[in-house]
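Here is the structure we will look at.
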Amino acid sequence: MSEVPAAGVTAQTFGQLPDGREVELYRLVNDNGMEMTVMSLGGTIVSLKTPDAEGNQADIVLGFDSLEDYLAPEYRKANPYFGALIGRYGNRIAGGQFEIDGQTWQVPQNDGNNSLHGGSRGFDQRLWEVSPVEEGSGVGVVLTLTSEDGDQGYPGQLEAEVRYTLTDDNALDIHYQATTTATTPVNLTQHSYFNLEGEGNGDILDHQLTLNADAFTPVDDSLIPTGEIRSVADTPFDFRQPTAIGARIDEDNQQLQRGQGYDHNFVLKREAGDDLVLAARVEAPDSGRVMEVYTTEPGIQFYSGNFLDGSLEGKAGQPYGHRSGLALETQHYPDSPNQADFPSTLLSPGETWLSHTRYRFSTR
Ligand code: BGC
């Protein structure tokens with residue numbers, strides 16, 4: 001029988017950065033024995049253990065056992081952003097450029113011509129301040145980061161705060177907030193890759209996915225939205241009924257070819273005034289694990305792990321092969337700073353940017 005860990009939050013040293021700064025690892029355990037570890041580097045979720053239909057715990061997120069693996073050149077080069085917090089701007093900005101009140105801003109072009117996930121030194125590579133928080137129901141940590149004025153070319157000093165809570169009903173609640181000293185785009189998100197059969201346990205092609213979206217934002221060949229909001233009807237992007245991820249992924253479809261699979265933003269259905277809406281549901285056929293994603297955001301990026309190629313070895317000692325994990329990143333649409341018809345991502349001084357996402361775990 002496996003030992004049931006005590007509920008609460010504990011901290012230990014995970015390792016040291018080359019410049020000597022310490023990276024901490026926080027371990028959160030809720031009343032049901034659901035367990036998550038988070039490191040201060042990138043606010044990265046390193047592990048997340050949930051029970052299957054028989055009560056067996058498995059770690060369902062991709063990642064590594066040691067800090068060295070996260071710092072290794074092979075990992076930095078592939079940069080799949082396993083489990084990291086993403087900022088200031090999750091997803092892509094065309095040409096790394098945008099205009100605010102007639103002034104042009106240039107941010108790093110770290111993905112071909114485009115800027116991806118906040119630039120070459122995004123929030124995923126920053127050391128966050130972490131402290132445990134008492135929650136009404138559950139256990140939590142709060143992470144804070146100051147992104148200095150001009151950080152990665154972005155205007156204004158941004159104060160970011162992210163709170164992770166493991167609730168007693170087995171949800172991971174993520175509350176984001178940010179303030180700024182000058183108008184700047186903000187699109188924070190979380191970049192965990194899930195495999196509900198357990199990390200390292202094959203690919204996610206037989207996971208059944210449901211997305212609460214009638215439309216998606218088609219992309220050009222550099223994965224920048226064309227501006228069109230396209231209906232999913234009669235396309236492989238229709239996940240309104242539970243469908244295996246692999247059922248249509250290899251169809252002859254220009255959008256699938258451009259993404260090398262699914263790597264697209266879906267436009268979530270939302271009634272005016274809705275706070276958290278159900279965005280996605282994933283069910284794993286063998287383990288019976290179910291994950292539901294709720295969010296206040298207008299969109300969700302569904303990325304089917306197309307760029308994973310088996311060159312990185314995960315916690316279970318298994319290589320992370322093609323499509324061995326999936327990401328469901330709640331966010332505003334990609335390239336919003338250049339798309340006047342998309343919901344705005346601009347945050348101005350005096351405002352507080354707020355976002356809330358819940359990943360809820362259960363079994364069939
Ligand atoms: C993007 C992918 C990218 C991946 C890892 C995802 O959020 O949509 O295009 O390859 O992150 O960087």
Side-chain angles (χ1 to χ4, degrees), residues 42-45 61-64 70 74-96 107-125 152 174 176 185-195 203-204 209 211 213 216-226 237 245 249 255-267 279-280 293 295 297-312 314 320-336 342 345 355 357 359:
T44 302
I45 296 176
V61 293
L62 275 51
F64 306 114
Y70 286 96
E74 311 86 86
Y75 182 71
R76 302 284 359 131
K77 192 160 161 276
N79 205 358
Y81 299 85
F82 287 160
L85 286 175
I86 306 292
R88 297 187 186 186
Y89 195 93
N91 220 311
R92 293 177 171 81
I93 296 178
V107 296
Q109 294 163 285
N110 58 328
D111 183 63
N113 196 35
N114 302 322
S115 192
L116 177 65
H117 294 335
S120 39
R121 186 166 177 267
F123 289 4
D124 59 293
Q125 289 171 62
Q152 297 291 289
I174 311 178
Y176 303 85
V186 179
N187 200 23
L188 305 183
T189 190
Q190 222 296 329
H191 211 282
S192 284
Y193 289 64
F194 299 93
N195 185 326
D203 64 44
I204 47 76
L209 174 67
L211 290 171
F216 72 111
T217 54
V219 289
D220 68 14
D221 52 19
S222 74
L223 300 184
I224 294 292
T226 60
F237 294 84
I245 290 169
I249 202 166
Q255 283 299 312
L256 286 174
Q257 277 150 14
R258 289 184 174 167
Q260 296 180 47
Y262 295 103
D263 195 353
H264 295 79
N265 166 72
F266 288 76
V267 175
V293 188
T295 189
E297 287 298 308
I300 195 164
Q301 181 84 6
F302 166 41
Y303 170 56
S304 52
N306 312 310
F307 299 121
L308 299 175
D309 62 4
S311 59
L312 299 168
Y320 287 143
H322 195 215
R323 299 175 179 154
S324 55
L326 67 100
L328 285 165
E329 310 153 41
T330 57
Q331 55 191 241
H332 274 54
Y333 312 163
D335 198 33
S336 293
F342 287 179
T345 50
S355 177
T357 290
Y359 294 92

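Both ligands and their constituent atoms are indexed starting at 1 by order of listing. Computed from a predicted model, the values in this text were never measured in an experiment. Excluded from the calculations below are hydrogen atoms, water molecules and symmetry mates; all remaining heavy atoms, backbone and side chain alike, are included.
Residue contacts with ligand 1 for R92 involve side-chain atoms from C-beta outward but no N, CA, C or O (heavy atoms, distance under 4.0 Å).
With Y193, F82, F307 as candidates, the residue nearest to atom 5 (C) of ligand 1 on a non-hydrogen basis is Y193. Residue nearest to atom 6 (C) of ligand 1, selected from Q260, Q301, H191: H191 (by heavy-atom distance).
Between the N187 side chain and the G90 main chain, a donor and an acceptor come within less than 3.5 Å of each other.
Aromatic pair Y81/H117: ring centres closer than 6.0 Å. With ring centers used as reference points, Y359 lies under 6.0 Å from F194. Checked against a 6.0 Å centroid threshold, the rings of H264 and F237 count as neighbours.
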Could you walk me through whether L326 and Y262 satisfy the side-chain contact (heavy atoms from CB on, under 4.5 Å) test, starting with their C-alpha distance in whole Å, then the side-chain angles of each, then the deciding distance to 0.1 Å, before giving a yes or no?
CA-CA 10 Å; L326 67 100; Y262 295 103; over 6 Å; no
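Annotation for ligand 1: atoms under 4.0 Å from non-hydrogen atoms of D263 are 1 (C), 2 (C), 8 (O), 9 (O). Each of the atoms 6 (C), 7 (O) of ligand 1 lies under 4.0 Å from some heavy atom of E329. Listed by number with element, the atoms of ligand 1 under 4.0 Å from a non-hydrogen atom of N79 are 12 (O).
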